[in-house]
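Worksheet for the structure shown next.
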4 protein chains.
Amino acid sequence: MESSTTHRGNRHGRSEEARRAVLEAADDLLAERGFAGVTIEGIAARAGVAKQTIYRWWPSKVDVLLEAFTEDMAEHLTPPDTGDLATDLRTHLANLAEFLTTSDPGAVFRALTGQAQHDPQLATRLRDDHLSAQRARDRLPLHRAIERGDLPADIDVDAALDHLLGPIHYRVLVTGTPVPRSFTDDLVAAFLHRHRPDSR
Amino acid sequence: MESSTTHRGNRHGRSEEARRAVLEAADDLLAERGFAGVTIEGIAARAGVAKQTIYRWWPSKVDVLLEAFTEDMAEHLTPPDTGDLATDLRTHLANLAEFLTTSDPGAVFRALTGQAQHDPQLATRLRDDHLSAQRARDRLPLHRAIERGDLPADIDVDAALDHLLGPIHYRVLVTGTPVPRSFTDDLVAAFLHRHRPDSR
Amino acid sequence: MESSTTHRGNRHGRSEEARRAVLEAADDLLAERGFAGVTIEGIAARAGVAKQTIYRWWPSKVDVLLEAFTEDMAEHLTPPDTGDLATDLRTHLANLAEFLTTSDPGAVFRALTGQAQHDPQLATRLRDDHLSAQRARDRLPLHRAIERGDLPADIDVDAALDHLLGPIHYRVLVTGTPVPRSFTDDLVAAFLHRHRPDSR
Amino acid sequence: MESSTTHRGNRHGRSEEARRAVLEAADDLLAERGFAGVTIEGIAARAGVAKQTIYRWWPSKVDVLLEAFTEDMAEHLTPPDTGDLATDLRTHLANLAEFLTTSDPGAVFRALTGQAQHDPQLATRLRDDHLSAQRARDRLPLHRAIERGDLPADIDVDAALDHLLGPIHYRVLVTGTPVPRSFTDDLVAAFLHRHRPDSR
DNA sequence: TGGTAATCGAGACGGTACGTCATGTCTTTGG
DNA sequence: CCAAAGACATGACGTACCGTCTCGATTACCA
């Protein structure tokens, strides 16, 4: 077992200790100095790790951030399942807004999404490895509602998600406007008004 | 007049020739090599200009891109005024989608927005100098409709814009999904369904 | 017995197989890529041996070369004993010239002597372990001649050797000039002219 | 004039100040820490100069040492011209011995000659640019003696020089034996005994 | 008409971070 | 116990740009 005993890297495999130190250092640096302040050199110095150890395991600094990001994401953004579509959506969207605007992994997400605008490979990886998984979680409340008969079966789920999630990301990434609970609740209201006009 | 005679920079003022060369070189480099390929050194070499000339007039490379961007933006994204809200919005949103996904200045916009995620100062400048102007243009169709009585006077215009524009930017910046005419038309349909339920 | 059975290193002692592989790899690398091309890493890779095995047995890469060198030296540079001083010296000096300029161990000698210029410890070891032994061999023809009465008993043997050997090393190490038979013969002639003026 | 005003490097040309600092730093490091202790990083740090400045002007660290060496050589090793061959040679050889064994540029010479054993390009450059010039100076006393009729016209000057200089270099580079005045005087005596047997 | 002042291209400078390489140490696995 | 494998911290390598600086030239303006 790798985790059964601490070791410092040998034939047994890589050092978990070094791995954790690198990921934490990267996260800290991003939080403290912003994306430009995250350098391989700096991560190495802060983590007490050799540069070569980083290059051995990660192709670039964005890969370090990507891995650091992965570990934190799922727990934050799994939508609830109360049996009530409106409640589920309101909670989930509020959680998303808070994640994006205030959490550390949210800051990493913004940084990576920003970098992805200049780096198509990163964009692809970000979408394939992370956003698609999140997207699947985002779909759950709608699918459950369809199964319950609370939403029409022919609804375009992906378009619906874009309508719900898009404005939040837009405020976070483009306009910089705060995303209060009233805004996310209103998104849910608009959605429900269109697809369940009778209910309200 | 500065433009009346070609000169190469002297007491008369700065060289318009050099300014144009710099802006074009920056644009070209962004298109050819991406944001990371845009360097002051590279712009200077390509424009046949001294580095100092760039530093004299622009604080950083993003300022060069910002200036290059400014010149192209307004013309592309001024919404039409046909007197019909639905038509105006459909056209405007389709134009926006095309601008963001296919045009050169759209690429510059994506790059700058990406960089703004790591650079709060750029974010502020981008919003204050450019997005607010664009936002004002975006509001026009809605204000005109309100004046015509085609929309209720108490509508939250900014929230409405976020609902209309957000999903498009979300697809462009985050998911990378194409933004076809059907998607933008559907956004308009959802908007009208909510705020003018009687018409259609 | 170590040699009776092949083993790969165990309680019976170190692996002769590994030792030979290391020495040969070092020699080969020196011949192929020069001194800078000899690295512990490279020797290990080429010999199919772990780096640690090299570090266990040799303090540094020059020690590997030194050991490789030791094995080849004595056989090449033992002066003949024909009973005639002139013949012995001419043959020995010609052998030395050929050894230094054309043989593989001669190349190792040049490399080690070069390295010794920046490494006093190596210089000392080279002199104590190898050059003094060679020096003793070099003295033999002169001592035999003295015993035969062919040279005066009060001759300064070491100075004489420096006069005979110095110009050859000088050409090899400093000027890079070839060292033909005529040159070595002339050295012998000068020596004999001084110390046995009657004989010629 | 470049030298008329101090500058820090610009279109005017390179900075003499930086050049001097680099050469001195290299010399100092060689003297203090030996050849292995001379690194580009170290020179840069000690000279208060950017690494790039060194790479801009010198292809490698040996080129720095080579240039540092050039400046000091000629003055030390120009043979005297007293009109007496024996005196000229004795003085010159004693100077050479002292230069090689005790002076700072002599240490640089030993280091470069050592490095030349692993670096054929350096060997060539060392010979073409420096040793040939020194060789020309070394020939002067012999040529003057020939013109005076103090040496036969058909003497092989180059071979004679190897006989005179070789043993000194041999002691310095190979055996590490001291080179006292008696040794150099004896070399001259042997030379004169052969080529001017009558004179003594 | 000739001095003054601002700009320009050019490019050297001190730096920072990059990504690669070899070093020598360490630990595990296995014969 | 020794060898192979290979991860590790260290630190020099040579490169690419950074942002600053000084130069010599050009070109208006203004006295």
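Side chains included, hydrogens not; waters and symmetry mates left out as well; all remaining heavy atoms used. For clarity, every value in this text was computed on a predicted model and none was experimentally measured. A, B, ... follow the sequence lines: proteins, then strands. Residue 1 opens every chain.
Every residue two or more places apart in sequence or in another chain was checked for a side-chain hydrogen bond (donor to acceptor under 3.5 Å, both in side chains) with B/Gln121, and none qualifies. Residues satisfying the side-chain hydrogen bond (donor to acceptor under 3.5 Å, both in side chains) test with A/Thr124, not counting sequence neighbours, are none. Residues passing the side-chain hydrogen bond (donor to acceptor under 3.5 Å, both in side chains) test with A/Asp63 are A/Ser60, A/Arg125, sequence neighbours excluded. In this structure, the side chain to side chain contact (heavy atoms under 4.5 Å, CB included) partners of A/Gln115, at least two apart in sequence or on a different chain, are A/Phe35, A/Val62, A/His118, A/Leu122, B/His118. Residues satisfying the salt bridge (charged side-chain N to carboxylate O under 4.0 Å, His left out) criterion with B/Glu67, sequence neighbours excluded, are B/Arg19. Listed by chain and number, the residues in a side-chain hydrogen bond (donor to acceptor under 3.5 Å, both in side chains) with B/Arg20 are B/Glu71 (sequence neighbours excluded).
Residues from residues 38-48 of chain D lying near DNA chain F, meaning a heavy-atom separation below 4.0 Å, are D/Thr39, D/Ile40, D/Glu41 in numerical order. If you check residues 23-35 of chain B against DNA chain E, you find no residue with a heavy atom closer than 4.0 Å.
Distance from the side chain of D/Lys51 is smallest to F/dG14 among F/dC18, E/dT23, F/dG14. Closest to the side chain of D/Ala18, from the set E/dT25, E/dG9, E/dG14, is E/dG14. Checking F/dC8, E/dT20, E/dA10 against every side-chain atom of A/Thr53, the shortest atom distance belongs to F/dC8. Which of F/dC8, E/dG9, E/dT25 sits closest to the side chain of B/Val49 comes down to E/dG9. Checking E/dA12, F/dT15, E/dT7 against every side-chain atom of D/Tyr55, the shortest atom distance belongs to F/dT15. Taking only side-chain atoms of D/Gln52, from C-beta outward, the nucleotide of E/dC13, F/dC17, F/dG14 with the closest atom is F/dC17.
In this structure, A/Lys61 places its NZ atom 9 Å from P of E/dG19, rounding to the nearest Å. For the pair A/Glu16 CD and F/dC8 P, the computed distance is 11 Å after rounding to whole Å. Atom CD1 in B/Ile54 sits roughly 15 Å away from atom P in E/dG11 (whole-Å rounding). Rounded to whole Å, the distance from CD on D/Glu17 to C1' on F/dC21 is 13 Å. Between C/Asp63 atom CG and E/dG24 atom C1' there is a gap of 14 Å when expressed in whole angstrom units.
When all heavy atoms are compared, the tightest approach of C/Arg110 to C/Leu173 is CG-CD2, 4.3 Å.
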message = Evaluate B/Asp104 against B/Asp27 for side-chain contact (heavy atoms from CB on, under 4.5 Å), listing each step before the verdict.
response = CA-CA 8 Å; B/Asp104 267 9; B/Asp27 254 354; 5.9 Å; no
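Phosphate contact (OP1/OP2 of E/dT7, side-chain N/O of B/Trp57, threshold under 4.0 Å): absent. Here D/Trp58 does not reach the OP1 or OP2 of F/dG14: none of its side-chain N or O atoms lies under 4.0 Å away. Put simply, A/Arg56 has a side-chain N or O that comes within less than 4.0 Å of OP1 or OP2 on F/dC8.
Residue pairs that meet the salt bridge (Lys or Arg N to Asp or Glu O under 4.0 Å) test with at least one member in residues 29-42 of chain C, sequence neighbours left out, are C/Glu32-C/Arg46, C/Glu41-C/Lys51.
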